[in-house]
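When a ligand or atom number is given, it counts from 1 through the structure's own listing order.
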Amino acid sequence: MSATIRLTTAQALVRFLAAQYSERDGERHRLVPAVWGILGHGNVAGLGQALLQAATTEEADLPYYLARNEQGMVHTAAAYAKMRDRLQAFACTASTGPGSTNMVTGAALATTNRVPVLLLPSDMFATRAPDPALQQLEDTRGGDVTVNDALRPVSKYWDRVTRPEQLVPAALAALRVLTDPAETGAVTLCLPQDVQAEAHDWPEGFFRERVWHVDRPEPDPEALARAATVLRRARRPLVVAGGGTVYSRATEELRAFAEETGIPVADTHAGKGAVPWDHPCAVGGIGATGARSANTLAAEADVVLGVGTRYSDFTTASHTAFLNPDVEFVNLNVARLDAAKHAAYQLVADARAGLRALRRELDGWQVEPTHRDRARALARDWVRNTDACFAADHRPLPAQTAVLGALNDTLDERDVVINAAGSMPGDLQMLWRARDPKAYHVEYAYSCMGYEIASGTGVKLADPDREVVVLVGDGSYLMMAQEIVTMVSEGVKVVIVLVQNHGFASIGSLSEELGSQRFGTSYRYRDPDTGLLEGDVLPVDLAANAASLGARVIKAHGIADLREAITRARAADTTTVVHVETDPKAPGPPSSGWWDVPVSEVSELDSTNDARASYDLHKRTQRHYL
Ligand SMILES: Cc1ncc(C[n+]2csc(CCOP(=O)(O)OP(=O)(O)O)c2C)c(N)n1
Ligand SMILES: [Mg+2]
């Protein structure tokens, strides 16, 4: 008989996780280097005990971090995985009930962004002995339904370990999905609280060191030949570089491909920095919040080569970015889901392997010089436009574009700037000048308010040698400021630039554009006359709030002050919040893309009727690419 080891399910899981590695290009990492958590009755004596044993004995090496909110810890984990090119992922343990459901938003963010996080929500008793336990749902339709079922649609793999021995196949299946670049996202193993503490005789082999090799699938030769034929006949081609380019570490290959072929390169949020902003082939961000340069080329393109992009509605400007009636797509993607979009010629492969193969196949072929020159002229024009936005001298409060200009000037090119929701992602996509593929960390698949601060911890832990600058609006700050406390307790140093504009600049201007008059988008007192939230600003002091959470705080007044504050915050060795007030109504960068946000078809308001007329006009250019 083969040897067995007697451990609880939780102890077995900890020992198993500590022995898992990932490997790509000969580089080996701990796959799950730590566990984040918040302990409650669901996990304190099960997984909590196992983690204590790991921390205090030689049993397993699996450090534990304590977060302040379960959603926050999943954001931290997602940011870490994104920064580590999906080769490493944190695990997150939550107590049963609210602790577990607090992870749902984080799980959806990880899944939509295609980054791995391993979620370990505790679950109701498998024995159901104390039915109904504290925080148990009691679904009348079925005894096996628990709140953890809410994690099913947002997880790429979901399992419930109702008997100890189920852990073996469940854990292996979970890690297979976690390490597969085409499949990855949130992976959930629900752990009933009694099963966590139950002992079992585990086969020794379960705990052996295991390496998950992340391979680089090569394109099918015939698919490659088809893709090359389409590209060779292109007269106005455009590359759309997405996040897959960065995760695959294909950025050098992309640069070489662009230089050899002369095809201009536009980027998405996740792909920004794949080619440096001042590279001769770079034409800026594409789509709803894209640069005029990239969007002009997208509108004219006859062939679009998508590399590692999921073509979100922001990238395609809700299917209005590509106006050439004959436009064709070639999509290089490790996931067939994305490769197949827009009826493309599919090149299902790793981005680096695929680009290398395309370079070989296109050997010597170049775009027509007129196309290359036109792309360069458009890019130069956009550089001048960006300079003007950065130099905006708006008074009395500065414009956000000037804040971004000051940051772009003051930060080192390896510093990571983080953002996720509000008006800043759009401004950043249009204006930010990234040179390093890891320096632009904008989560824009889920655009989740609350991601920013929590993700700062994940990015810093993933790459402690870089300065990390979290850009956060007041709305986002108010949703999830508490992870500052986690930074302080873990000694994680991040710079947080808190942009106070008393509400939602983004949704406010969107509302105005769509004829809804900024309704309900300001943080203001209710006006007694109109009954609307249009009164005075509130006596809220977010700088004092940040200080109360343990951060150093610098209040910057105006742009010159801001530059100095950022320099001081960068030099500090503890988490520092730079608080700056901006004018939410100051002009933003000039938009050249559209976003489909439906306007009421019938209305008693002139503003809405006007907006609907403009909406109908844009709808006419929207189409499926077939
Ligand atoms: C969790 C969540 N709720 C709601 C939204 C919709 N939303 C997008 S931006 C925004 C306002 C953001 O406000 P703030 O952080 O102050 O940024 P600003 O728009 O002022 O730049 C809202 C409510 C969202 N993206 N995420
Ligand atoms: Mg705001």
Which pairs, with at least one residue in residues 392-408 and sequence neighbours excluded, count as a salt bridge (Lys or Arg N to Asp or Glu O under 4.0 Å)?
-> Asp393-Arg395

Lys NZ or Arg CZ of Arg433 over Trp277 ring: under 6.0 Å, within 45° | yes

Kindly state whether the ring of His75 and the ring of Tyr451 have centres lying under 6.0 angstrom apart.
-> yes

Sub-3.5 Å pairs, protein N or O with ligand 1 N or O:
from: ligand 1; atom 1: 15 (O); to: Gly475; atom 2: N; distance (Å): 3.4
from: ligand 1; atom 1: 15 (O); to: Ser476; atom 2: N; distance (Å): 2.9
from: ligand 1; atom 1: 16 (O); to: Asp474; atom 2: N; distance (Å): 3.4
from: ligand 1; atom 1: 16 (O); to: Asp474; atom 2: OD1; distance (Å): 2.7
from: ligand 1; atom 1: 16 (O); to: Gly475; atom 2: N; distance (Å): 2.8
from: ligand 1; atom 1: 16 (O); to: Gly503; atom 2: O; distance (Å): 3.0
from: ligand 1; atom 1: 19 (O); to: Ser423; atom 2: N; distance (Å): 3.3
from: ligand 1; atom 1: 19 (O); to: Ala505; atom 2: N; distance (Å): 3.1
from: ligand 1; atom 1: 19 (O); to: Ser506; atom 2: N; distance (Å): 2.9
from: ligand 1; atom 1: 19 (O); to: Ser506; atom 2: OG; distance (Å): 2.6
from: ligand 1; atom 1: 20 (O); to: Asn501; atom 2: OD1; distance (Å): 3.1
from: ligand 1; atom 1: 20 (O); to: Asn501; atom 2: ND2; distance (Å): 3.0
from: ligand 1; atom 1: 20 (O); to: Gly503; atom 2: O; distance (Å): 2.8
from: ligand 1; atom 1: 20 (O); to: Ala505; atom 2: N; distance (Å): 2.9
from: ligand 1; atom 1: 21 (O); to: Ser423; atom 2: N; distance (Å): 3.0
from: ligand 1; atom 1: 21 (O); to: Ser423; atom 2: OG; distance (Å): 2.6
from: ligand 1; atom 1: 25 (N); to: Ser447; atom 2: O; distance (Å): 2.8
from: ligand 1; atom 1: 26 (N); to: Met449; atom 2: N; distance (Å): 3.2

By ring-ring contact (aromatic ring centres under 6.0 Å, His included), Phe390 pairs with (sequence neighbours left out) none

The Mg ion (ligand 2): which protein N, O or S atoms are under 2.8 Å away?
-> Asp474 OD1, Asn501 OD1, Gly503 O

NZ of Lys341: more than 12 outside heavy atoms within 6.0 angstrom?
-> yes

Does the Asp610 side chain pair with the main chain of Ser607, one donor and one acceptor, at a distance under 3.5 Å?
-> no

Are any side-chain N or O atoms of Ser592 and backbone N or O atoms of Asn295, one a donor and one an acceptor, separated by less than 3.5 Å?
-> no

Using the benzene-type ring in the case of Trp, are the ring centres of Phe314 and His269 under 6.0 Å apart?
-> no

Closest heavy-atom pair, Ala392 versus Thr401, reported as atoms and distance to 0.1 Å, is CB-OG1, 3.7 Å

